[in-house]
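Take a look at the structure below.
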Amino acid sequence: MRGIALLGTLLLSTSLFAENCTYSIKASDLNLSWKAFKTPLKIGVGGKFNQLGVKDQSASSLRDLVEGIKFDIDTNSTDTGNPDRDKKIVKFFFQNMDESSNITGETLILKKKVLTVRIKMNKFERDIPLNFTKTDNSFEAKGVIDVFDFGLNKSLAGINKACEALHEGKTWSDVEVVLSAKYSKSCK
């Protein structure tokens with residue numbers, strides 16, 4: 001009897017210390033950046049999208065917060081820090097897609113430090129694994145996509161031709177992507 005009472009007291013005291021937390025992301029704190037490559041030496045050109053079409057989100061765990069983020073990227077919001085380059089990328093790459101030039105997607109599952117993201121671009125849908133790291137108030141998921149996996153041969157040829165001299169005749173098909181966010185955690 002005494003053992004049961006002791007177990008009950010232990011369980012009750014443990015539940016008193018259990019955290020009831022809320023994890024939140026503001027849409028303005030979520031970023032999607034990328035690095036494409038040019039020239040035979042594979043020089044990187046970085047950029048980001050300014051309009052991700054995401055909403056503020058909250059969940060009871062970081063995993064639940066990270067899984068299920070939906071985005072609808074306006075590729076016209078391409079930002080490399082060089083407005084002339086941005087216009088070329090939009091015109092010769094994104095506007096060469098067979099369908100809408102928007103990119104849609106959703107974060108699916110976080111497992112063993114890998115965040116799987118489903119991306120739909122140019123009528124193709126692919127699940128992309130991203131390496132996931134976190135700190136006390138931010139996370140980052142990094143990986144690589146190959147534009148050929150999305151049937152973007154025409155788009156890659158278009159940007160390669162438009163920038164042939166600058167790219168020295170070589171634009172690479174792999175693109176590094178980074179999804180990052182600051183999040184807040186409040187516990188009661």
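Residue pairs meeting the ring pair (Phe, Tyr, Trp, His ring centres under 6.0 Å) criterion with at least one member in residues 140-188, sequence neighbours excluded, do not occur. For residues 131-141, the pairs satisfying salt bridge (charged side-chain N to carboxylate O under 4.0 Å, His left out) are Glu140-Lys142, with sequence neighbours left out. Applying the salt bridge (charged side-chain N to carboxylate O under 4.0 Å, His left out) test to residues at least two apart or on different chains, none of the pairs has a partner in residues 149-159.
Across all non-hydrogen atoms, the minimal contact from Asp146 to Ser173 is OD1-OG, 3.1 Å. Here the closest non-hydrogen pair linking Asn122 and Gly151 is ND2-O, 3.0 Å.
Of the inter-residue distances, the one linking Gln57 atom CD with Leu30 atom CG reads 8.0 Å to the nearest 0.5 angstrom. Remark: Asn20 CG to Cys187 SG distance equals 8.0 Å, nearest 0.5 Å. Atom NZ of residue Lys182 and atom OG of residue Ser138 lie 8.0 Å apart, to the nearest 0.5 angstrom. Of the inter-residue distances, the one linking Asn102 atom CG with Ser77 atom OG reads 8.5 Å to the nearest 0.5 angstrom. Residue Arg126 holds its CZ atom at 11.5 Å from CD1 of Ile145, rounded to the nearest 0.5 Å. To the nearest 0.5 Å, atoms CG (Leu65) and OG (Ser24) are separated by 7.0 Å.
Side-chain atoms of Asp86 and Thr80 include a donor-acceptor pair closer than 3.5 Å. Residues Asn96 and Ser155 have side chains that never bring a donor and an acceptor to within less than 3.5 angstrom of each other. Between the side chains of Ser61 and Asp64, at least one donor N or O sits under 3.5 Å from an acceptor N or O.
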Using a 3.5 Å cut-off and no angle test, enumerate the donor-acceptor pairs between side-chain atoms of residues 31-53 and protein atoms at least two apart in sequence or in another chain.
residue : atom : partner : partner atom : Å
Thr39   : OG1  : Leu41   : N            : 3.2
Lys42   : NZ   : Asp174  : OD2          : 2.8
Asn50   : ND2  : Asp79   : OD2          : 3.2

Would you mind writing out the side-chain donor-acceptor pairs for residues 106-121 within the sub-3.5 Å range, not counting sequence neighbours?
residue : atom : partner : partner atom : Å
Thr107  : OG1  : Val66   : O            : 2.5
Thr107  : OG1  : Gly68   : N            : 3.0
Thr107  : OG1  : Ile69   : N            : 2.8
Arg118  : NE   : Asp127  : OD1          : 2.7
Arg118  : NH2  : Asp127  : OD1          : 3.4
Arg118  : NH2  : Asp127  : OD2          : 3.0

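Around the NZ atom of Lys87, the shell of radius 6.0 Å holds no more than 12 heavy atoms that belong to other residues, nucleotides or ligands.
Hydrophobic cluster membership differs between Leu130 and Val178, with clusters built from Ile, Leu, Val, Met, Phe, Trp and Tyr side chains linked at under 4.5 angstrom. Residues Phe93 and Val177 share a hydrophobic cluster, clusters being chains of Ile/Leu/Val/Met/Phe/Trp/Tyr side chains in contact below 4.5 Å.
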Candidate pair Thr78 and Thr75, rule side chain to side chain donor-acceptor pair (under 3.5 Å), full reasoning: CA-CA 6 Å; Thr78 296; Thr75 58; 5.6 Å; no
Side chain to side chain contact (heavy atoms under 4.5 Å, CB included) evaluation trace for Asn137 with Lys185: CA-CA 8 Å; Asn137 65 350; Lys185 175 183 174 184; over 6 Å; no
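Contacts of Phe92 classified as ring pair (Phe, Tyr, Trp, His ring centres under 6.0 Å), with partners at least two apart in sequence or in another chain: none.
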